[in-house]
Amino acid sequence: MGGEFMQFHLNGFKPGNYQVPDAARKPYPNPPVEDLPAQVDVLIVGTGPAGLTMARQMSEFADITTCIVDKEPGPLLFGRADGISSRTMEIMEAFNSSEMVVKETYQLKQNTFWEPDPENPQNIKLTHKIPDARIGLSEFTHGIVNQARLHELLLDGMKNSITALRPHYCRELVALEIDEDLTQDLNAYPITATFKRTDEEGKEVQEVIKARYVVGSDGARSSVRRALDIQLQGESANKAWGVMDILLNTDFPYIRVKSFLQSHDHGAVMTIPREGGYLCRFYVELDLLGKDKRVADVRLTEKDLIAKAQKVFHPYKLDVKEVAWWSIYEVGQRIAERFDNRPIGSPDDIIPRAFVAGDACHTHSPKGGWGLNTSLPDTFNLGWKLAAVLQGRSDPKLLSTYATERRKVAQQLIDADRELSKLVATRPVAADDSEQAKIDTAKIEAFMKRQSGFVAGTSIEYYPSYICTGQENQGLATGFHIGRRFHSAEATRVADGRSQHLGHLVKADGRWRLFVFGDTQSPVEPTSASARLIRFLADDENSPVKKYTPKGADIDAVIDTYAVFQQLDLSMHDLPSYLWPAKGKYGLRDYEKVFQTDPEKDIYEMRGIDRSKGCVVVVRPDQHVATILPLDAHEQLAEFFDVFMVDQRGK
């Protein structure tokens, strides 16, 4: 999906809403400090991407009380992450915020690679230019935008939600206690969190919150993780890099293309063009840190980073006009030994009550753009599960799957980042005793191609489990990989002929989706497999829709069904009424659930759907494919939900 090209930062970097002209854009005043609630269902510590994604999900549920806190005086304005992966874009679409992200991001389309010129090694020379390896993995393109802007969109969604949720700033966690005698009682509040105010007016004030669950999304130095006595495993690589967002003039011909530069004597630089047409991010390789040294010991400034970059870019000139933000960081890969408060090896029926997410449970370098893009899906995975348990719709054992699924992803991240950190460096890391660890840029290119799906977030796959099962039926729809996110494709809505991306129907509202792909027999025929499945879902006492939809709720309140048919001569009123159900207080009909294939963009062909057999694709609330079943597998469909859902018929 393309976006309109927007320009900003022409006369200097300005944080804030990019829809406002540069001249009128001003930093937001810090919000007023309000009293913390005494008791909540969910306490979130930290307003980074993981924390705000968790809060954004929880804000959709009027019957769940949530509090999110941060020690900073207000929202982030600049710096930190910049890459927005395709998968993150898909998640923002689930929050109805993708259009603004698409419009504002700088979309990466190309990469260039530079090495020392063999004829004059003090100069760099272009070796090759290639398309970005992630193109085509999603309807969304990998983009670049200030992390603060993504935060702002999540905050706006929270504010405008049914709960009008807002963060509480100026709060530092000083103690977190869990009453182990209460952790297995779902009605109890076993979490006691004590905060101190960090604002001038509230210096001596301490506040206490009781919570049912706590989520620590408070970064690499997580207070929640320390309170839970969760250890980070791994080590620093004793390698430092500088990062800076700059406005500059240069004769370097590819300043608006992502570039990898290897110099002969001065290390490496990676450049990433930023949003707005003028801003650019530089990652600058620094020297090896000494033994027992850390970034805090490196006494460098942004002027040192500029000077180093100018040497790497020789013979091209860099005239830096403004440094909007800069930092020096240490390359290291570490992962938490566990992602919740349960002892290692606990069975799934032990209910976790405290979780860590994002950089609180995995730390790494920022060059791959994985920090935000791995942190945000952590809580996109956890949020729907926690909501389902709190609302009594799912068995609490569901919460144990968070640690299993996301720890696998974190380990993949650590492994990939370790490899990338070595590839883009021209000087050794601590574990490398060689005098020069120069790697050919062709190997960086090969790495990018090999890891393109992981970098984009589209190939992330959860382990087979009771919420990712049915691999024996994968052949019915080879393009909807079980365990991975539902790979969106377009179909034509029968009621009005509109083309619709099916993946965009899976919103972050806690609902499951059934996508029924019909076979070659018309669904109008009562004996067709599609018609029989629809009758089962609508009327049978074993139907998961009948079992798990609360009395008085709309028929799609818990399990939302869509149908896609191959026949092109369908009329809505000839189809079962379950596919155009009466909803709401007036019983108005929903005509937006039935689709047919578009001959020019045939979803059956694009996603490898068996035309002769059809299938049912079950999609989780976090957009991942849970299972694929034949159209006549009514009993298996019921059994899938029976494993973890709570019967609502008697409620």
Side-chain angles (χ1 to χ4, degrees), residues 94 96 477 486 488-507 509-599 601-604 607 609 611 614-619 621 623 629 631-634 637-638 641 648-649:
N96 291 314
F486 181 75
S488 185
E490 291 178 272
T492 301
R493 202 156 59 197
V494 169
D496 58 6
R498 174 183 170 174
S499 181
Q500 168 73 57
H501 256 288
L502 298 185
H504 299 184
L505 299 170
V506 189
K507 299 302 183 185
D509 53 15
R511 291 189 290 171
W512 288 78
R513 266 76 183 186
L514 302 182
F515 287 94
V516 178
F517 292 93
D519 59 14
T520 52
Q521 191 173 6
S522 172
V524 175
E525 297 294 332
T527 58
S528 68
S530 298
R532 286 185 280 118
L533 173 62
I534 297 304
R535 284 199 300 274
F536 167 74
L537 291 171
D539 301 322
D540 196 290
E541 283 304 307
N542 290 320
S543 162
V545 177
K546 298 277 284 186
K547 264 188 188 178
Y548 303 117
T549 302
K551 186 178 181 180
D554 288 336
I555 193 67
D556 59 1
V558 176
I559 300 175
D560 190 11
T561 304
Y562 295 92
V564 184
F565 299 118
Q566 301 178 58
Q567 293 74 25
L568 302 181
D569 58 349
L570 299 174
S571 173
M572 288 298 297
H573 287 213
D574 293 334
L575 296 169
S577 61
Y578 176 81
L579 294 179
W580 45 290
K583 294 164 52 178
K585 68 177 184 178
Y586 295 122
L588 302 180
R589 292 286 179 171
D590 187 342
Y591 290 101
E592 301 188 349
K593 294 182 178 293
V594 184
F595 299 84
Q596 57 197 23
T597 55
D598 182 337
K601 292 178 286 188
D602 186 354
I603 189 171
Y604 279 71
R607 298 295 175 258
I609 301 166
R611 292 184 182 279
C615 65
V616 182
V617 179
V618 181
V619 181
Q623 301 177 324
L629 292 168
L631 292 175
D632 60 359
H634 305 171
L637 182 60
F641 287 100
Q648 302 291 316
R649 287 175 297 188

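All values below come from the heavy atoms of this structure, side chains included, with hydrogens, waters and symmetry mates left out. Only a predicted model underlies this, so the values are computations on that prediction, with no experimental measurement involved. Counting begins at 1 with the first residue of the sequence.
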Quiz prompt | Set of ring pair (Phe, Tyr, Trp, His ring centres under 6.0 Å) partners for Y578, sequence neighbours left out | solution =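 Y578 satisfies ring pair (Phe, Tyr, Trp, His ring centres under 6.0 Å) with no other residue.
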Please table the atom pairs, donor to acceptor, closer than 3.5 Å between any side-chain atom in residues 488-500 and protein atoms at least two apart or in another chain.
{"from": "S488", "atom 1": "OG", "to": "H501", "atom 2": "ND1", "distance (Å)": "2.7"}
{"from": "S488", "atom 1": "OG", "to": "G503", "atom 2": "N", "distance (Å)": "2.9"}
{"from": "E490", "atom 1": "OE1", "to": "K601", "atom 2": "NZ", "distance (Å)": "3.0"}
{"from": "E490", "atom 1": "OE2", "to": "S499", "atom 2": "OG", "distance (Å)": "2.8"}
{"from": "E490", "atom 1": "OE2", "to": "K601", "atom 2": "NZ", "distance (Å)": "3.4"}
{"from": "R493", "atom 1": "NE", "to": "D496", "atom 2": "OD1", "distance (Å)": "3.1"}
{"from": "R493", "atom 1": "NE", "to": "D496", "atom 2": "OD2", "distance (Å)": "3.4"}
{"from": "R493", "atom 1": "NH2", "to": "D496", "atom 2": "OD2", "distance (Å)": "2.7"}
{"from": "D496", "atom 1": "OD1", "to": "R498", "atom 2": "N", "distance (Å)": "3.1"}

Nearest-0.5 Å distance, [atom1] of residue [X] to [atom2] of residue [Y]:
{"X": "E592", "Y": "M572", "atom1": "CD", "atom2": "CE", "answer": "9.5 Å"}
{"X": "D540", "Y": "K546", "atom1": "CG", "atom2": "NZ", "answer": "9.0 Å"}
{"X": "T561", "Y": "I555", "atom1": "OG1", "atom2": "CD1", "answer": "8.0 Å"}
{"X": "D632", "Y": "S528", "atom1": "CG", "atom2": "OG", "answer": "12.0 Å"}
{"X": "R532", "Y": "L631", "atom1": "CZ", "atom2": "CG", "answer": "8.5 Å"}
{"X": "F486", "Y": "R513", "atom1": "CZ", "atom2": "CZ", "answer": "11.0 Å"}

Practice problem: Apply salt bridge (Lys or Arg N to Asp or Glu O under 4.0 Å) to D556 and R511, showing your working. | Solution: CA-CA 8 Å; D556 59 1; R511 291 189 290 171; 3.7 Å; yes
Should [X] and [Y] count as side-chain neighbours, where that means a heavy-atom distance under 4.5 Å?
{"X": "V618", "Y": "I559", "value": "no"}
{"X": "S577", "Y": "R589", "value": "yes"}
{"X": "L575", "Y": "V524", "value": "yes"}
{"X": "D560", "Y": "K593", "value": "yes"}
{"X": "L568", "Y": "P599", "value": "yes"}

What pair of heavy atoms forms the shortest contact from [X] to [Y], and how long is it?
{"X": "A529", "Y": "D519", "result": "CB-OD2, 3.7 Å"}
{"X": "G510", "Y": "P621", "result": "O-CG, 3.5 Å"}
{"X": "K547", "Y": "E541", "result": "CG-O, 4.0 Å"}
{"X": "V506", "Y": "A94", "result": "O-CB, 3.7 Å"}
{"X": "S522", "Y": "L570", "result": "OG-CD2, 4.1 Å"}
{"X": "T597", "Y": "I603", "result": "CG2-CG2, 4.0 Å"}

Quiz item: For the rings on Y548 and W512, is their centre-to-centre separation under 6.0 Å?
Solution: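 Not close enough - the centres of the two rings lie 6.0 Å or further apart.
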Verify, without hydrogens or angle tests, whether [X] (side chain) and [Y] (backbone) share a donor-acceptor contact under 3.5 angstrom.
{"X": "Q567", "Y": "P523", "result": "no"}
{"X": "D554", "Y": "G584", "result": "yes"}
{"X": "S543", "Y": "D539", "result": "no"}

Exercise. Would you sort out whether D569 and Q596 count as a side chain to side chain contact (heavy atoms under 4.5 Å, CB included), showing the intermediate values?
Key: CA-CA 9 Å; D569 58 349; Q596 57 197 23; over 6 Å; no
Quiz item: How far apart are the C-alpha atoms of V617 and I609, what are their side-chain angles, what is the distance that settles it, and do they pass the side chain to side chain contact (heavy atoms under 4.5 Å, CB included) test?
Solution: CA-CA 10 Å; V617 179; I609 301 166; over 6 Å; no
Quiz item: Do the rings of F595 and Y562 sit parallel, tilted or perpendicular, given the 30° and 60° boundaries?
Solution: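 F595 and Y562: tilted rings.
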Quiz item: Yes or no on side chain to side chain contact (heavy atoms under 4.5 Å, CB included) for T527 and Q521, after CA distance, side-chain angles and deciding distance?
Solution: CA-CA 9 Å; T527 58; Q521 191 173 6; 3.4 Å; yes
Exercise. Determine, stepwise, if the pair L533 / H634 fulfils side chain to side chain contact (heavy atoms under 4.5 Å, CB included).
Key: CA-CA 7 Å; L533 173 62; H634 305 171; 3.8 Å; yes
